[in-house]
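Worth saying up front: this structure is predicted, and the values here are computed from it rather than measured.
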Amino acid sequence: MEYQTYWENIYDKNEALNELFRSYWHAYSSFGTWQFWIVVLFFLSPLVLLYFKVDRKRIFEVFFFGYTVHMLWTYAEIILSRHGFFVHTYFLTPFIPYALSMTASALPVAFLLIYQYCTNDKKSFYLYILLLSILFAFGLAIIEDKVGLLKFDKGMNSFYLLLVDLVIAISAYWMTKIVRKLGSRPK
């Protein structure tokens, strides 16, 4: 197949997929469904909590950590859902049919509040992140799966989700440490 033919096929299939997402969203995930309002709750309530709980003296460091979790989880979720391992079946908007409520709000806020707590109070970050990851993977994800908000497939399960959570949280932790170290170097 020629280069241009590939891109024409990709464009056509992408347009068809986008139309399918729009149609699905209007039928099953829009304003009139309880699932939409649960997704809104997962998106807004962590942000409200964050507004009241963030350590404003360390806001850039803490937000850098949360932003790193957000970005890593968003990329992981796109890869996992594109390959059908892990799919959130309800979403805020048909334009971004991924788990925006989880990857942009619930997960980053929870992880950054744990990061803030552990670094402020000299607690074991690894222990607390393990506990939070267990709560997300074996608590929230299983509940989401049971009520149909999430679908595991192709062998994906809560244990693998736990591992993804841990890799992302620990990676964000070390990236934040590196940035802090670079920021504290003398000029």
Side-chain angles (χ1 to χ4, degrees), residues 1-33 35-36 38-40 42-44 46-47 60 63-112 129 133 136-137 140-142 144-145 147-183:
M1 193 179 298
E2 296 285 326
Y3 172 86
Q4 191 62 35
T5 308
Y6 268 115
W7 279 108
E8 287 170 10
N9 282 341
I10 289 169
Y11 177 77
D12 291 343
K13 300 235 188 282
N14 197 39
E15 281 298 309
L17 181 60
N18 286 337
E19 182 53 41
L20 197 57
F21 274 125
R22 278 191 292 278
S23 176
Y24 170 83
W25 185 83
H26 286 290
Y28 297 103
S29 189
S30 63
F31 309 111
T33 65
Q35 293 93 339
F36 175 82
I38 294 295
V39 171
V40 168
F42 280 159
F43 184 72
L44 292 179
L47 297 176
F60 290 111
F63 276 14
F64 177 82
F65 175 84
Y67 179 74
T68 304
V69 169
H70 158 63
M71 292 308 298
L72 293 174
W73 242 120
T74 298
Y75 293 142
E77 205 276 332
I78 288 170
I79 292 166
L80 292 170
S81 65
R82 181 171 278 179
H83 293 283
F85 290 103
F86 177 79
V87 178
H88 281 88
T89 54
Y90 298 93
F91 30 90
L92 284 176
T93 169
F95 306 111
I96 306 174
Y98 297 104
L100 185 65
S101 61
M102 292 304 287
T103 63
S105 184
L107 290 165
V109 169
F111 282 118
L112 79 76
I129 224 63
S133 296
F136 274 128
L140 186 60
I142 288 176
E144 282 185 293
D145 184 39
V147 298
L149 297 173
L150 172 71
K151 183 179 178 229
F152 289 117
D153 205 2
K154 296 184 178 180
M156 184 69 169
N157 59 41
S158 290
F159 178 73
Y160 293 128
L161 190 58
L162 170 68
L163 295 179
V164 172
D165 267 346
L166 290 173
V167 166
I168 287 172
I170 292 168
S171 297
Y173 178 73
W174 282 98
M175 286 179 195
T176 305
K177 282 185 84 136
I178 290 167
V179 168
R180 282 187 62 212
K181 189 131 184 119
L182 290 173

Begin from the C-alpha positions of F91 and Q35 and carry the test side-chain contact (heavy atoms from CB on, under 4.5 Å) through to its verdict.
CA-CA 8 Å; F91 30 90; Q35 293 93 339; over 6 Å; no
Under the side-chain contact (heavy atoms from CB on, under 4.5 Å) criterion, do L150 and V87 qualify, and how do the steps go?
CA-CA 6 Å; L150 172 71; V87 178; over 6 Å; no
Start with the C-alpha distance between T89 and Y28, add both sets of side-chain angles, then the distance that settles side-chain contact (heavy atoms from CB on, under 4.5 Å), and finish with yes or no.
CA-CA 9 Å; T89 54; Y28 297 103; over 6 Å; no
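How far CG of L163 is from OG of S133: 9.5 Å, rounded to the nearest 0.5 Å. Between the CG atom in L166 and the OG atom in S171 there is a gap of 10.0 Å [rounded to 0.5 Å].
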Solution key, residues 4-16 side-chain donor-acceptor pairs under 3.5 Å, sequence neighbours excluded:
none

Side chains of residues 152-159: which donor-acceptor partners sit under 3.5 Å, not counting sequence neighbours?
| from | atom 1 | to | atom 2 | distance (Å) |
| --- | --- | --- | --- | --- |
| K154 | NZ | H83 | O | 2.7 |
| N157 | OD1 | F159 | N | 2.9 |
| N157 | OD1 | Y160 | N | 3.1 |
| S158 | OG | A137 | O | 2.8 |

Side chains of residues 103-111: which donor-acceptor partners sit under 3.5 Å, not counting sequence neighbours?
| from | atom 1 | to | atom 2 | distance (Å) |
| --- | --- | --- | --- | --- |
| T103 | OG1 | T74 | OG1 | 3.3 |
| T103 | OG1 | A99 | O | 3.1 |
| S105 | OG | F43 | O | 2.5 |

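A search for side-chain contact (heavy atoms from CB on, under 4.5 Å) contacts involving L182 returns I178, R185, not counting sequence neighbours. Under the side-chain contact (heavy atoms from CB on, under 4.5 Å) criterion, T68 pairs with F64, L72, A172, M175, not counting sequence neighbours. Every residue meeting the ring-ring contact (aromatic ring centres under 6.0 Å, His included) condition with F36, not counting sequence neighbours, appears here in chain and number order: F31. For R22, the side chain to side chain donor-acceptor pair (under 3.5 Å) criterion is met by E19, not counting sequence neighbours. Residues meeting the side-chain contact (heavy atoms from CB on, under 4.5 Å) test with L44, sequence neighbours left out: V40. Residues meeting the side-chain contact (heavy atoms from CB on, under 4.5 Å) test with Y67, sequence neighbours left out: H70, M71.
Classified by interplanar angle (parallel below 30°, tilted 30° to 60°, perpendicular above 60°), the ring pair W73/F86 is tilted.
Summarising the geometry of I129 relative to A169, their closest heavy-atom pair is CG1-CB, 3.4 Å, with the distance given to 0.1 Å. Closest approach of G66 and L112 over heavy atoms only: CA-CD2, 3.7 Å. Here the shortest heavy-atom pairing between V39 and Y90 reads CG2-O, 3.9 Å. Taking each heavy atom of T33 and S30 in turn, the nearest pair found is OG1-O, 2.9 Å.
Looking at heavy atoms from C-beta onward, H88 lies in side-chain contact with E144 at the 4.5 angstrom threshold.
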